[in-house]
Amino acid sequence: MSTSIGGVGEHPVFRPGGISYLRMPAVDPHASAAFYEAVFEWKIRGEREDPAFEDGSGHVIGHFRADHAVAGEAGVRPYVFVENLDETIEKIVAGGGEIVTEPYPEGDLWVATFRDPAGNEVGVWQQGPR
């Protein structure tokens, strides 16, 4: 079954029941957009005051917003799947992020958390051996 909204047609975000849109708190929305583009290769449209993004899967879109309180360690924590956790951690640190929880095994996964330059705590994980 394909879903269409307003004649837009098929797009990966139109998935009934799927998380499809996020407002990411950002002290400096353009700096946060650059960070997520560099670390996760998210597609960024930066012509707005609140830059828009599309994640690497195309299933989640959103905006970086200065008018939302930084989540820090409270609230919902998104986790981003990556193919190589160690390479991603290098990019996070190089981009101004801070590792909060060093990589640890969870079944056949490796998981870590980091604080982005705005202060949001976000998780990253990969499947299989490091």
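What you are looking at is a predicted structure, and each value in this text was computed from that prediction instead of being measured.
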Subject >> Cluster check Val13, Tyr21: I/L/V/M/F/W/Y, side chain < 4.5 angstrom >> reply: yes
Only distances under 3.5 Å count here; give the side-chain donor-acceptor pairs of residues 114-121 to other protein atoms, sequence neighbours excluded, each with its distance to 0.1 Å.
from, atom 1, to, atom 2, distance (Å)
Arg115, NH2, Glu73, OE2, 3.0
Asp116, OD1, Ala118, N, 3.0
Asp116, OD1, Gly119, N, 2.9
Asp116, OD1, Asn120, N, 2.9
Asp116, OD2, Tyr36, OH, 2.7
Asp116, OD2, Asn120, ND2, 3.2
Asn120, OD1, Ala71, N, 3.0
Asn120, ND2, Pro25, O, 2.8
Glu121, OE2, Arg77, NH2, 3.4
Glu121, OE2, Thr113, OG1, 3.3

Original post:
CZ/Phe40 to CZ/Phe35 distance, rounded to the nearest 0.5 angstrom?
Top reply: 6.5 Å
Subject >> Partner set under side chain to side chain contact (heavy atoms under 4.5 Å, CB included) for Glu54, not counting sequence neighbours >> reply: His11, Lys43, Ile61
**OP:** Using the rule that two of Ile, Leu, Val, Met, Phe, Trp, Tyr join whenever any of their side-chain heavy atoms come within less than 4.5 Å, decide whether Val122 and Val93 are in one cluster.
**Re:** yes
Original post:
Transitive ILVMFWY cluster of Tyr104 at side-chain heavy atoms under 4.5 Å: who else is in it?
Top reply: Tyr79, Phe81, Leu109, Val111, Trp125
**OP:** Can you run down the salt bridge (Lys or Arg N to Asp or Glu O under 4.0 Å) pairs that involve residues 22-31, sequence neighbours left out, and say none if there aren't any?
**Re:** none
**OP:** Name all residues meeting the side-chain hydrogen bond (donor to acceptor under 3.5 Å, both in side chains) criterion together with His59; count only those two or more places apart in sequence or in a different chain, and write none if there are none.
**Re:** Ser57
Subject >> Nearest non-hydrogen partners of Ala112 and Glu102, listed with the distance >> reply: CB-C, 4.2 Å
Original post:
Which residues satisfy the side-chain hydrogen bond (donor to acceptor under 3.5 Å, both in side chains) test with Arg65, sequence neighbours excluded?
Top reply: Asp50, Asp67
Subject >> Gly128 versus Gln126, closest heavy-atom pair with distance >> reply: O-NE2, 3.7 Å
Original post:
In Å and rounded to the nearest 0.5 Å, what is the CD1 to NE2 distance from Ile44 to His63?
Top reply: 10.5 Å
Original post:
If you round to the nearest 0.5 Å, how far is CH2 of Trp42 from CD of Glu37?
Top reply: 11.5 Å
Original post:
Which distance, rounded to the nearest 0.5 Å, do you find between the CH2 of Trp110 and the CD1 of Ile89?
Top reply: 10.0 Å
Original post:
With sequence neighbours excluded, what pairs up with Ala66 under the side chain to side chain contact (heavy atoms under 4.5 Å, CB included) test?
Top reply: Pro29
Subject >> Residues Met24, Phe53; criterion side-chain contact (heavy atoms from CB on, under 4.5 Å); working and verdict >> reply: CA-CA 10 Å; Met24 295 285 289; Phe53 68 83; 3.8 Å; yes
Original post:
Quick one: side-chain hydrogen bond (donor to acceptor under 3.5 Å, both in side chains) partners of Gln127, sequence neighbours excluded?
Top reply: Asp108
Original post:
Looking at residues at least two apart in the chain, or sitting in another chain, which of them share a salt bridge (charged side-chain N to carboxylate O under 4.0 Å, His left out) with Glu83?
Top reply: none
Original post:
Does a side-chain heavy-atom distance below 4.5 Å link Pro103 with Arg130?
Top reply: yes
